[in-house]
Novice: 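Got a structure for you, written out below as structure tokens; questions coming shortly.
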Amino acid sequence: MKNQPAKKVKGFAASYFRNELKIDKKIENAQVYICGLGYYELFLNGEKVGDHVLDPAPSNYNKQAYYVNYDITKQLQSGKNAFGIILGNGFYGQNISWKRDPESEKDMAYGPPTVKCLVKLQYTDGTSSDFYTDEQWKEATGPIVFNNIYGGDTYDANFELGNWTSVGFNDTTWGNAKIASPKLRTISAQQMPAIKKLKELAPTRVFKGTDGEWIVDFGQNIAGWVKINVEEKKGQLIDIITTEALLTNGKDIFKGSTGGGANGMTQVYKYICKGNDLESWEPKFSYHGFRYAKIKGISRKPDADMIKAVLVATDIQETGSFSSSDELLNKMHDISKWTIVDNVHGIPEDCPHREKCGWLGDAHAFCEYALYNYDMYDFYKKYMEDIKTQMRPTKGHNNPELKFQVPTMIAPGKRTSTYAKIDWGVATMYLPWYNYKFYGDDEIVKDYYEPMKGLTDFYLNFKGENGIMQDGMGDWCPPLWDRRKNPSAMECDPIISANAYFYDVLGIMEKFAKMNNDAVYEAKMKKEKEALLKAFNQQFLVDIPNTKHKWYQSQTATVQALQFNMVPAAEIETVVNGLVHNIVEVKGGHHSTGIHGNRYIYTVLSKYGKADLAYQILTTPDFPSQTYVMNSGFTTWPERQFIWEEMEGPSNSLNHPMHSGFAAYFYESLGGIQSSTEKAGFKQFIVNPNFQVRF
């Protein structure tokens, strides 16, 4: 076709569709419904419809996809109207990144991106008509010659199509659209908030790197993209690489935390100028996690007029806030919120650059803190559907002849990892439980009750002769931990932390059974819970040598046992003292917890009269601590805590919301605000602050 670029990566250019509709009657109401398998943008009479970007939310597309509805009554005009759609790959047509990952499916794409659009018209005379995508629509390629959700967009302005979304455009050189029949079970309305452009950040510093190219610092690690205004010669390539960090010497960008070795792709945006005038551009079908941008191909120093960073995320509305007289705590709260907002793009992600995956363990680690701050009701209802549709037939562990429906470690998508280990899979029960506690929503409990029962029974199939479930992933990412180079830094045995979670979940399932009038299963859960409690204490509660204290062999397990009320009443004092002994005497006033223990350690210490110690380990300036991370210059929580000044560059992600979970402590302990479970949804709530008063 005439409008196709001379060079493109086959299958990764965006598709452009258009058609015109003539309206001869007066419109009473007009609605458009559009479902993109891949990302889309919709245009009508030269203007974009709505303010959504990266729409619709990702899902297990072969089982569940989402349509979006817009009211276009005011945008339609008498006579002819022109509709246009740009269609990108999104996660649906992504078949480059992760394809060699052994924990992914071999074919990462669901198929070629497709789009379905329906316009429903109601006229003032009482009649109606429909207008929809079919073979009469025209299709071409255009200036987006490459797009990949991990790699970025490449835009060649020399192939721009002119006023292709306006009435009267000459599309005679375009081909006819083809009818597609993708494998798809259900299309539902997207009820969760859409992804939008939320904020623009101007450069805070601009300097030249070691190769003489300009580096822009936006001052904040965000998720989104850059937008540019440039005036360069025709054919000039502007190349923008986005990263989270600089080299330790601060003289150039460090790419090690954002992709490359993990997903195989560098975060790059490319723009090819058409020349002779000021050109403005921003991507449409990819987003990155970054603080810095290295820009090549420009003839002058970049400034705020030339380049900005755009925060792009699901538009969750803020409903809670925390502020104190202590600026350290306020800063921790702000960093925790930034880390969450950067990682909501239709799913709760682990990071916005390297993986963009909905790991279940990460999701439940920060869920409560997110609920304290934002309206997450529809967001988590949608993610529960992702988990449900990710479930696959899985053999029982002790009884391989039994089959269970079990989610994978990641939902949704084709990067799956293994079956969800206990401490990750419990997100399936925790998310409905947290939604119930915060919103009083028993509908979500009833909708997913049967899948939750099946998954609980699957995990019971791991029970060993000692009464302990022999399964678990572990207390992910404690300080200095590297699963290959330093695995011993994970001090908590994965079996112990997984069984602590499972004990808590058995209690939740006991409540869910009662809510669903399932007395048989309620009794089963009560019995299993009592048996696990006995086995847990017999196996894992030990004396600490040369002291009068006891604990559960690590900070994390001890914190979990106290949080989940697993410690025998007569042993609570000695167990609390054992935890304090390890923190103070062994660790020198520091935590050694990963995401499971760090979620509760400050809350538990405050609850048991050690609020001053909770404050101490949070605010100590030396490694490891949250304050150490902040003092190291990070504006979001990194995946792991290392001694940064000893490293060439932080090779792990610097934007992982699983480490924001601890900040629920600000609400549930310092504020002391918790919802009653008897009258959930804060219809009745508890206010019981736990903090150390200082004079």
Novice: If the condition is side-chain hydrogen bond (donor to acceptor under 3.5 Å, both in side chains), which residues does T73 pass it with, not counting sequence neighbours?
Specialist: D71
Novice: S166: which residues meet the side-chain hydrogen bond (donor to acceptor under 3.5 Å, both in side chains) condition with it, sequence neighbours left out?
Specialist: none
Novice: So which pairs with a foot in residues 289-299 pass salt bridge (Lys or Arg N to Asp or Glu O under 4.0 Å), sequence neighbours left out?
Specialist: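 Salt bridge (Lys or Arg N to Asp or Glu O under 4.0 Å) check on residues 289-299 returns D211-K294, D217-R291, D252-K294.
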Novice: How long is the gap from CH2 on W281 to CH2 on W225, to the nearest 0.5 Å?
Specialist: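 Here the interatomic distance stands at 10.0 Å.
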Novice: Applying side chain to side chain contact (heavy atoms under 4.5 Å, CB included), can you list everything that pairs with T428, at least two apart in sequence or on another chain?
Specialist: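 T428: side chain to side chain contact (heavy atoms under 4.5 Å, CB included) contacts with L360, M384, I387, M391, P407, M452, L455.
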Novice: More than 12 foreign heavy atoms under 6.0 Å from NZ of K255: is that the case here?
Specialist: no
Novice: Working to the nearest 0.5 Å, report the span between CD of E279 and CD1 of I238.
Specialist: 7.5 Å
Novice: Would Q267 and H353 count as having a side-chain donor-acceptor pair, cut-off 3.5 Å?
Specialist: no
Novice: Looking at residues at least two apart in the chain, or sitting in another chain, which of them share a side chain to side chain contact (heavy atoms under 4.5 Å, CB included) with L237?
Specialist: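 So L237 forms a side chain to side chain contact (heavy atoms under 4.5 Å, CB included) with K270, I272.
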Novice: Under 6.0 Å between ring centres, would you say that holds for Y16 and W164?
Specialist: yes
Novice: Keeping to residues at least two apart or across chains, list the salt bridge (Lys or Arg N to Asp or Glu O under 4.0 Å) pairs with something in residues 142-152.
Specialist: none
Novice: Tell me whether E318 at atom CD has more than 12 heavy atoms from other residues, nucleotides or ligands lying less than 6.0 Å away.
Specialist: yes
Novice: Looking only at side chains, do Y369 and H333 share a donor and an acceptor under 3.5 Å apart?
Specialist: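 Yes - a donor-acceptor pair under 3.5 Å links their side chains.
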Novice: Is K381 salt-bridged to E443, going by a charged N under 4.0 Å from an acidic O?
Specialist: yes
Novice: With sequence neighbours left out, which residue pairs that include part of residues 355-367 fulfil the salt bridge (Lys or Arg N to Asp or Glu O under 4.0 Å) condition?
Specialist: E355-R415
Novice: Under 6.0 Å from the CZ atom of R300, do we count more than 12 heavy atoms belonging to anything else shown?
Specialist: yes
Novice: Less than 3.5 Å apart, any donor N or O on the side chain of E105 or T416 sitting next to an acceptor on the other?
Specialist: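 T416 and E105 do not have a side-chain donor-acceptor pair below 3.5 Å.
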Novice: Look at the aromatic rings of Y150 and F91 and report parallel, tilted or perpendicular, splitting at 30° and 60°.
Specialist: perpendicular
Novice: State whether a side-chain donor-acceptor pair under 3.5 Å links Q75 with N45.
Specialist: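 Result is no, nothing qualifies.
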Novice: Which of parallel (below 30°), tilted (30 to 60°) and perpendicular (above 60°) describes H364 and Y430?
Specialist: tilted
Novice: Once ring-ring contact (aromatic ring centres under 6.0 Å, His included) is applied, do any residues pair with Y287, and if so which ones, sequence neighbours excluded?
Specialist: H345
Novice: Among residues at least two apart in sequence or on other chains, which ones pass side-chain hydrogen bond (donor to acceptor under 3.5 Å, both in side chains) with S59?
Specialist: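 In terms of side-chain hydrogen bond (donor to acceptor under 3.5 Å, both in side chains), with neighbours along the sequence ignored, S59 is linked to no residue.
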Novice: Any side-chain donor paired with an acceptor under 3.5 Å for N221 and E244?
Specialist: yes
Novice: Looking at residues at least two apart in the chain, or sitting in another chain, which of them share a side-chain hydrogen bond (donor to acceptor under 3.5 Å, both in side chains) with D334?
Specialist: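 With neighbours one apart ignored, the set is empty.
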Novice: If the condition is side chain to side chain contact (heavy atoms under 4.5 Å, CB included), which residues does A57 pass it with, not counting sequence neighbours?
Specialist: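 Here the qualifying residues are Q190, M192, K382.
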Novice: side-chain contact (heavy atoms from CB on, under 4.5 Å) between F83 and T133: does it pass, once the steps are laid out?
Specialist: CA-CA 10 Å; F83 287 85; T133 45; over 6 Å; no
Novice: Determine whether the aromatic ring centres of Y372 and F322 lie less than 6.0 Å apart.
Specialist: no
Novice: For the residue pair H52 and Y70, categorise the inter-ring angle as parallel (less than 30°), tilted (30 to 60°) or perpendicular (more than 60°).
Specialist: tilted
Novice: Taking only residues two or more places apart in sequence, or in another chain, which ones meet K63 in a side chain to side chain contact (heavy atoms under 4.5 Å, CB included)?
Specialist: R185, T389
